[in-house]
Amino acid sequence: MSPAAVKVDRLEKTLGKNKVLRGISLQANSGEIFGLLGPNGAGKTTTLRIICTLLAPDAGSVEVLGFDTRSAPEDVRRRVGVVTADIGVYPRLSARENITYFAELSGVLDGEVNQRVDAVLNRLDMASFANQRAESLSSGQKQKVAIARAIVHDPAVLMFDEPTSNLDVLASREIRNFMVESRGRGKCVIFSTHVLHDAERLCDRVTILHEGSVVATGPTADVRGAHRELEDAFLELVEK
Amino acid sequence: MKALGIVFRKEMREILRDRRTLMAIGLAALATPTVLIVISQVSTKTATQTYTVGYAGEIPVGLDTLLSATGLKLESVTDPAEAAKHQVDVGVVFQPTQIDEYYDPTRQGAQVADTRLQTVLGQYNAAKAAAALQQKGIDPGLLNPVPVKVHPLSSPTQAAGNAFLSFFLPYILITMVLTGGLSAALDSSAGERERKTLESLLLTPTPRSRILLGKILSVTLISLIAAIAAIGSMLLALTQVSLVGGTHIYLSPLAAVVMVWLAVLLAGSFSSLTLALGTLAKNFRQGQAYSTPLYFITIFPASIILFIPDFNPSLAYYLIPILNAVLVLRDAIVHNSVAWPALAVTSVSLVATGLFCWFAALRLFTREALLVRS
């Protein structure tokens, strides 16, 4: 079995008066696409935000490649890249400048920044618009900038939070291809989505969250069980 | 510290590509000289303008020549009191033993004409009295038993110029330091949330305190550039225009140094404060709404100099931020000297204010609600 890249243990979190996470545990490994599934409000985004240290847990613990999110948040952030549905970029900077800024802030060595930026620009086929200001880019191009800035420091853990929800069919396909490619490179890919069709096609293992609790976890085929599609299993679980 | 430089460079690059900020600085640099030129022309026009005196009765001998030389034009009217309401600036009835004057104090022209008329009449009366005494063989010097010889310790015209600067300079300094960097501060804080770049930024391993400090430094620099552009253009314009009486105004080197020092302190504090307010806001427009009261709070102390020009406060007053900067700068301009204890208290107060705002901004910038509310 691959080594655990992300270990979440009995995580709890309350936001305002709302108890969002009720003691969830999960584990995502290197070299796999791990699906974090659930309806809106299930706690997927909060879980991801805790994993990447943007939020602190009320109880429980999270380890990323052996680093605890509470005691070593900067070490965790150095090893994590996050792509969300919000493809916010700095509009007055070019695509290249956007990516360079994040490379520098993520601690890429001075002598390697340009090399790394060029590498991701090529990898994501961005050369044609690399020097264009971000405000003039299409949604798909902006999404590529968002991915590029998340991977420019070559993180071992990649998290995708509903990455295709604002994209057209072509751009969505590119994201899916990228996730598969990253898995091939040995990365731990965590894919949070409510699009179960995508999850079924891509994920090696899934965890289904509902109202802040884990209702199913395991290899995708096992969670689907006897149902024809993962969606049927999902509906049965959340409507119980 | 490397991260601080990275954030600073990126923020400056964005600011310098932001038309809103550049327009604000450009307009400030143009607006101040324009206002000064208008003031200069209005004051010159007021000083040289001829005002009309509507009169009835017989004009005392020689008075018409004096009035004419002072820019007061005589015009015969049937009812001077009625004419003084609209038709002429001042109404006068010459009687054998006295002169009745009618004017409306609510009219600015009437006020100026009244002042000129009083001056001319005073001189005329004195000359008449002196001539009468001389005719009787009495020394006219009797009318002025203790002559006063005035010895100004500094140039009265320069003092008038300094008084003008002591009001305008603090006012422009404070408003420009605040407004010059406001757009950049809101763009750098509320704008991050509005564009949804904040989460990605906070995901980098760079400590948030350095990210914030980089932002504060860039906003501080742009505020200083805006203030110096506005004040520089104002001083340049002052070399080309003169106020009443041909007064030319210049800023002493000491006052210039004090002004730059205060500008740095104020810019640091305002940058932290506006960034903190911007962090509270969800978008640029909300940030502007939160910042609006700042205009009134900051302009109020500058107005004190206008309404209480001789305000001489105790050292404790120099603890009050903004007011202290206004007072120190006023003293440096008017007296061309610095009260070092006052400057020290002011500096400590403004540095403490800056630190307080910085901690508040950092606290707001690191709270979870910042992301949850996003």
Side-chain angles (χ1 to χ4, degrees), chain A residues 13-16 18 20 45-46 48-56 58 72-94 97-98 100-110 113 133-135 142 145-147 149-150 152-153 155 159 161 166, chain B residues 1-23 183-184 186-215 218 222 282-284 365-374:
Chain A
K13 182 69 180 174
T14 299
L15 295 173
N18 189 14
V20 183
T45 299
T46 303
L48 292 187
R49 283 177 164 177
I50 292 174
I51 294 172
C52 65
T53 77
L54 284 175
L55 299 179
D58 295 338
E74 285 165 20
D75 288 308
V76 170
R77 277 183 238 151
R78 238 181 283 278
R79 287 160 178 84
V80 169
V82 181
V83 178
T84 66
D86 296 327
I87 43 180
V89 290
Y90 295 111
R92 294 189 292 277
L93 299 186
S94 69
E97 287 167 340
N98 266 284
T100 303
Y101 181 52
F102 283 92
E104 291 173 331
L105 285 181
S106 299
V108 175
L109 297 173
D110 282 346
V113 170
R133 283 209 190 171
E135 61 197 352
K142 283 180 185 167
V145 175
I147 296 174
R149 76 174 173 214
V152 70
H153 57 299
M159 297 198 284
D161 187 10
N166 294 332
Chain B
M1 296 314 267
K2 187 185 156 202
L4 196 152
I6 293 166
V7 176
F8 176 78
R9 275 203 315 274
K10 174 261 173 187
E11 292 295 335
M12 285 308 296
R13 185 176 286 163
E14 276 214 294
I15 290 168
L16 295 174
R17 290 176 184 174
D18 181 14
R19 272 183 293 182
R20 281 178 303 204
T21 302
L22 295 181
M23 277 174 64
S183 174
L186 296 180
D187 191 60
S188 183
S189 48
E192 290 266 13
R193 289 178 80 179
E194 191 172 12
R195 288 188 301 260
K196 304 196 184 295
T197 47
L198 183 66
E199 192 165 325
S200 302
L201 181 63
L202 299 181
L203 270 169
T204 64
T206 303
R208 291 177 186 181
S209 58
R210 292 196 198 150
I211 293 174
L212 186 63
L213 199 54
K215 287 174 179 286
S218 58
I222 214 73
K282 283 182 187 170
N283 52 45
F284 193 90
F365 199 62
T366 52
R367 76 200 199 287
E368 285 189 345
L370 190 68
L371 291 167
V372 175
R373 279 170 61 199
S374 295

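As a basis for the values below, the full set of heavy atoms in this structure was taken, side chains included, without hydrogen atoms, waters or symmetry mates. This is a predicted model, so every value here is computed, not measured. Lettering follows sequence order; numbering is per chain, from 1.
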Under 4.5 Å from any heavy atom of chain B, what part of [X] do you find: side chain, backbone, both or neither?
X	result
A:A146	neither
A:P91	both
A:L54	both
A:T84	side chain
A:R149	side chain

Does some side-chain heavy atom of [Y] sit less than 4.5 Å from a side-chain heavy atom of [X]?
X	Y	value
B:L202	A:T53	no
A:I87	B:K196	no
B:L203	A:M159	no
B:T204	A:R77	no
A:V89	B:R195	no

Could you tell me which portion of B:R19 (side chain, backbone, both or neither) has an atom closer than 4.5 angstrom to a non-hydrogen atom of chain A?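 It is neither, since no heavy atom gets under 4.5 Å.
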
Heavy-atom proximity to chain A below 4.5 Å, by part of B:I211: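 Contact with chain A involves no heavy atom of B:I211 at all.
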
Criterion side-chain contact (heavy atoms from CB on, under 4.5 Å) on A:L105 and B:L201, from CA distance to verdict: CA-CA 8 Å; A:L105 285 181; B:L201 181 63; 3.6 Å; yes

Taking all heavy atoms of [X] and all of [Y], pick out the closest pair and write down the distance.
X	Y	value
A:S106	B:P205	CA-CD, 3.6 Å
A:L93	B:E14	CD2-CG, 3.8 Å
A:D110	B:K2	OD1-NZ, 2.9 Å

Hey, are A:Y90 and B:E192 close enough side-chain-wise for a donor-acceptor pair under 3.5 Å?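 Present: a donor and an acceptor within the cut-off.
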
Any ion pair linking A:K13 and B:E368 (charged N to carboxylate O, less than 4.0 Å)?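 Yes, this pair counts.
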
When you check the gap from the basic side-chain N to the acidic O, do B:R9 and A:E97 get nearer than 4.0 Å?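 Judged by the 4.0 Å cut-off on N to carboxylate O distance, B:R9 and A:E97 do not form a salt bridge.
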
What do the steps show when you test B:E199 against A:R49 for salt bridge (charged side-chain N to carboxylate O under 4.0 Å, His left out), and what is the final call? CA-CA 9 Å; B:E199 192 165 325; A:R49 283 177 164 177; 2.8 Å; yes

